[in-house]
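The structure appears right after this line, and notes come after that.
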Protein chains: 2
Amino acid sequence: MARKPKPAAAEVARPKGERTKAHILATALALFRERGYEATGMRAIAEQAGVSIGNAYHYFESKEHLVQAFYAETHRLHLEACVPALAGVKPLGARLAVLLTTKIDTAEPYHHLSAILFRTAADPKSPLNPFSAASTPVREDATQLMKLVIEGSDARVPADLASELPNLLWLFEMSVILFWIHDDSAGRARTRLLIARSSELLAKLVSLASFPLVKGMRTEMLELVRELRAGAESSAPGTPSAPS
Amino acid sequence: MARKPKPAAAEVARPKGERTKAHILATALALFRERGYEATGMRAIAEQAGVSIGNAYHYFESKEHLVQAFYAETHRLHLEACVPALAGVKPLGARLAVLLTTKIDTAEPYHHLSAILFRTAADPKSPLNPFSAASTPVREDATQLMKLVIEGSDARVPADLASELPNLLWLFEMSVILFWIHDDSAGRARTRLLIARSSELLAKLVSLASFPLVKGMRTEMLELVRELRAGAESSAPGTPSAPS
DNA sequence: GTCTATAACCGGATAGAC
DNA sequence: GTCTATCCGGTTATAGAC
């Protein structure tokens, strides 16, 4: 019953054609970067990678799935840049600004690719959309990082707000990225202005959340968010909510 | 020098092939509604409309442009439903809810088509994206309606906020529509919940905007919005801004 | 110069053999 | 897992008709 003779040790390290997959992805990203997404055909990718079209489709369901794979990679890059940059920074506003700035800096080489990714955000059926089940791991990673930003700060966050804040700030992050995609100013100056100011504003808002005048609204808003999430049974688990 | 003999009166009414264009659009919308966007081919549209493919492309640059044309039409429907429904309603929150509810009700038959439209919102290059120059007239119409909602209410809005509020609330409207697109609950119950509660919350926020604690933030936020718009020279004139 | 039609193109995606 | 051959549908080139 010895099903797998296993030729030698240390062969588990590269599960067969995993190399091929990584190679195709790397080739695709390079070509996207050089020529742009639209101008790069699947035929060109396959040829450059030294495989056939059919083989490329064996590893990636579609051209857009190549972009999704790239998305996972940029998050890794973001993590590497963001976490060290956060060291020693305590105010919430400043930490938020660090997260967002490192985000747009690490993603800069793929500015136009990000637009492709975001294009699918509105399509409920696409597996690439950030609210879909398929994107859950990436979304979780992103909110996890946001949680680190909050908890590492010296801001006092009320308990009820604390549990939702990472999700709410992730939505804010998505908004900033959407703005960035449309931003063609030199050095993305407009996005940087937006980040600097809105981060401070949001931090101030959080610090004000316990004051009597604002507290009622905070409670109402959080209750709404909870109810909306509760209503999402069959739909995607991660629930988008509106800005307040 | 009589350049145009003008055969008879009332011939200016139908400028030639305008009928054909309208007919193609109507046919396309019907087919989209019956079979869905993806499942409806340009060949099928042309055939059903009794024209050739080439002719269809003479009137509409692309399949997506058919969707843009539909968008203009839904706004007309929205207007017809919204304006009468606003009569007699004075509180800002209620008026906002009326605008949003009539919006999703009139657009309901084209729920999945709206997703197609929104898909392009992230693509800076697409003429269909709501922030683009090509979409300016439609966006203006929408903010104009929002202005009517605000000015017809009994809410007291500070002057500096008043000039920006229509634009800000238009962004809010876009967010609600994005939520609606992803909402597959029965009767769009979750979107209706979102509309009812968030409209009230926003109205409350506006009424609080003059209180000392909040006033500073209001000023800062409005200044940021103005600066962002000022920085948008070469880009689209209508500038998206972040939620606060 | 505005409208209409036919035939091809092009590129993403699939079928099925090896 | 890898390939070749093919499909399919949006789009374009181009020529003729009003």
Side-chain angles (χ1 to χ4, degrees), chain A residues 4 7 11-12 14-25 27-29 31-32 34-70 113 116-117 119-120 123 125-128, chain B residues 3-7 11-25 27-29 31-32 34-70 113 116-117 119-120 123 125-128:
Chain A
K4 286 182 179 179
E11 91 295 20
V12 198
R14 308 278 154 56
K16 271 286 194 183
E18 193 109 338
R19 305 280 292 231
T20 316
K21 183 170 182 174
H23 182 230
I24 293 172
L25 177 59
T27 306
L29 285 185
L31 286 177
F32 287 156
E34 285 170 27
R35 316 178 188 175
Y37 179 79
E38 316 286 354
T40 306
M42 287 300 280
R43 285 164 180 84
I45 294 171
E47 189 178 355
Q48 182 83 7
V51 297
S52 69
I53 293 191
N55 200 8
Y57 273 98
H58 175 74
Y59 290 106
F60 297 95
E61 280 182 47
S62 75
K63 196 179 171 184
E64 291 202 335
H65 276 78
L66 281 165
V67 185
Q68 183 175 52
F70 128 86
L113 258 195
I116 307 294
L117 233 178
R119 190 173 65 187
T120 65
D123 186 355
K125 275 170 258 168
S126 168
L128 281 125
Chain B
R3 299 268 300 262
K4 284 182 179 179
K6 289 189 177 183
E11 91 296 20
V12 198
R14 308 281 154 56
K16 271 286 193 183
E18 195 110 339
R19 306 280 291 230
T20 316
K21 182 169 182 174
H23 181 230
I24 293 172
L25 178 58
T27 307
L29 286 184
L31 285 177
F32 287 157
E34 286 170 28
R35 315 178 189 175
Y37 179 78
E38 315 287 353
T40 306
M42 287 300 281
R43 286 164 179 85
I45 294 171
E47 190 177 356
Q48 182 83 6
V51 299
S52 69
I53 293 192
N55 201 9
Y57 273 95
H58 175 74
Y59 290 106
F60 297 94
E61 281 182 45
S62 74
K63 196 178 173 186
E64 291 202 335
H65 276 78
L66 282 164
V67 184
Q68 184 175 52
F70 128 87
L113 258 196
I116 307 295
L117 233 178
R119 191 172 65 183
T120 65
D123 187 356
K125 276 169 258 169
S126 169
L128 282 126

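Computed over heavy atoms, backbone and side chain alike; hydrogens, waters and symmetry mates excluded. Proteins come first, then strands; the chains are lettered A, B, ... in the order of their sequence lines, and each starts at number 1.
A/H65 and A/S62 share a donor-acceptor pair across their side chains, judged by distance under 3.5 Å alone.
The residue among B/T40 and A/V51 whose nearest nucleotide of DNA chain D is located toward the 5' end is A/V51.
In the set C/dT6, C/dT14, C/dC3, the nucleotide with an atom closest to the side chain of B/S52 is C/dT6. Among the nucleotides D/dG10, D/dT12, C/dT14, the one closest to any side-chain atom of B/R43 is D/dG10. Distance from the side chain of A/Y57 is smallest for C/dT14 among the nucleotides C/dT4, D/dT2, C/dT14. Comparing D/dG10, D/dG1, C/dC3 by their closest approach to the side chain of B/M42 singles out D/dG10. The side chain of B/Y59 sits closest to C/dT4 out of C/dT4, D/dT11, D/dT2.
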DNA chain D in dot-bracket form (Watson-Crick or G-U pairs under 3.5 Å, [ ] crossing, | inter-strand) is ||||||||||||||||.|
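Across all strands, B/G54 comes closer than 4.0 Å to base atoms (heavy-atom distances).
The stretch residues 60-68 of chain A has no heavy atom under 4.0 angstrom from DNA chain D at all.
Interatomic distance, CD of B/E64 versus CG of B/D123, reported as 8.5 Å (0.5 Å rounding). In this structure, CD1 in B/I53 is found 16.0 Å from NE2 in B/H58, a value given to the nearest 0.5 Å.
Regarding contacts with the backbone of D/dG1, every side-chain N or O of A/N55 stays at 4.0 angstrom or more from both OP1 and OP2. Taking side-chain N and O atoms only, B/H58 has no distance below 4.0 Å to OP1 or OP2 of C/dT4.
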